[in-house]
Amino acid sequence: MGPLLAIFPHPDDETFTSAGTMAAAAARGVPVAVISATRGEAGESSIPGLDDPQRLGEVREQELRDAMSHLGVSDVRFLGYRDSGMPGSPEAQHPHAFVRTTVDEAATRLVAPVRKLRPQTIITFGPEGMYGHPDHLHMHHVVLRAVALAADPAVASGEPAEPWQTAALYFGTFPREEMLDILDRPGSPLAFLPPEARETVGTPLADITHVVDITPWSEAKRAAIAAHVTQTGDGGPLQHIPDEAIERQLRREYFVRSALPWSADEREDDDLVARLAAESTRG
Ligand SMILES: [Zn+2]
């Protein structure tokens, strides 16, 4: 099976959506790479010693590398943008904020790595951005555009790399039904969401195309989640995710396969996610 490339906006997005799938790929000898658009500079942490906002990006870069090491993944890259923060955050005004770049500009930055890595499968966020974070939504459009640009022979990437058609594109998501259940718990990490977000968080189970049983890699994923200390440690913004929600995260990963113009005839089970999902249903 060809390489797997995960492209997400902040360190920890890749872990929650697809750590088990990445670990499964690495265990099969499939090359796995992760590209993070930002270093998660706005992911406020109040953990003593890790609470310096000036250093947060640097710390989270290392956390991402540590998290990936638990999965057997060592190819970790950064696009060099800055975390735009939650909606309305002053971080979005920073000149390097990811949301301030155009889709075309950021997508163009991805062309060279995509052409070099030649991924068979790319995983990123879907159009709902899991819970609508502005960087998550932007990432979705940037990756769609990057996949198209990388395949276009008319686009020069400034590198001696041939155009590349990614065979399979998947959106990592979580069932809306389960996210609403988390949202309603006291102290929920999603409590900041406005009431109308209930209509758009995650993906209805009926629309999820592939479910991967990751229980063989649940301990690797648990270690990867814990490696994002500034976020998931005591004092981090995600410290209150209910245990039950974490346990669900450690059992299954959920994807929506996106159609690509050149892969309409591709056999469904030809890529890594489809194969893992098929093996999961066979038990
Ligand atoms: Zn994120």
Side-chain angles (χ1 to χ4, degrees), residues 5-19 21-22 34-45 50 53 56-68 76-92 94 96-101 103 106 110 122-144 146 170-174 176 179 182-183 188-194 197 200-203 221 224-233 236-241 245-246 249 253-256:
L5 172 59
I7 310 176
F8 286 97
H10 312 117
D12 81 5
D13 294 330
E14 75 303 315
T15 293
F16 284 111
T17 53
S18 49
T21 300
M22 288 193 275
V34 177
I35 299 178
S36 185
T38 80
R39 289 177 169 76
E41 292 88 343
E44 304 159 4
S45 188
L50 296 174
L56 190 56
E58 198 183 310
V59 171
R60 292 191 69 188
E61 172 175 347
Q62 190 55 47
E63 289 179 351
L64 175 53
R65 294 185 191 284
D66 293 345
M68 295 301 97
V76 177
R77 306 169 187 217
F78 294 85
L79 277 191
Y81 295 107
R82 211 170 173 286
D83 189 339
S84 315
M86 295 294 181
S89 160
E91 306 273 358
H94 192 283
H96 298 134
F98 185 44
V99 291
R100 293 194 57 169
T101 186
V103 167
L110 279 167
I122 289 182
I123 299 175
T124 189
F125 276 129
E128 85 299 337
M130 193 69 88
Y131 58 87
H133 189 297
D135 284 338
H136 293 192
L137 302 172
H138 198 47
M139 189 87 260
H140 170 74
H141 295 291
V142 166
V143 173
L144 285 185
Y170 286 92
F171 304 142
T173 188
F174 208 66
R176 178 170 301 163
M179 288 190 74
I182 297 169
L183 209 148
S188 162
L190 297 173
F192 64 89
L193 290 174
T200 52
V201 290
T203 304
K221 182 167 185 174
I225 290 172
H228 290 286
V229 180
T230 56
Q231 305 304 296
T232 58
L238 303 177
Q239 66 168 320
H240 293 304
I241 298 181
I246 293 285
Q249 287 266 351
E253 286 172 351
Y254 300 86
F255 301 95
V256 176

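Atoms within a ligand are numbered from 1 in the order they appear, just like the ligands themselves. Side-chain atoms are counted along with the backbone in the values below, which use heavy atoms only and exclude waters and symmetry mates.
- Ring pair His138/Phe98 is perpendicular by interplanar angle, where above 60° counts as perpendicular and below 30° as parallel.
- Contact check on Glu253 versus Lys221 returns a salt bridge, with a Lys/Arg side-chain nitrogen under 4.0 Å from an Asp/Glu carboxylate oxygen.
- Excluding waters, the set of protein N/O/S atoms under 2.8 Å from the Zn ion (ligand 1) reads His10 ND1, Asp13 OD1, Asp13 OD2, His136 NE2.
- Side-chain contact check for Thr173 and Thr203: at least one donor-acceptor pair (N or O, by modelled atom type) lies under 3.5 Å.
- Side-chain contact between Glu63 and Asp12: absent, with no pair of heavy atoms (C-beta onward) separated by less than 4.5 Å.
- A distance-only check finds a donor-acceptor pair linking the side chain of Ser84 to the backbone of Val99 [under 3.5 Å].
- Taking 4.0 Å as the cut-off between side-chain N and carboxylate O, Glu41 and Arg82 do not count as a salt-bridged pair.
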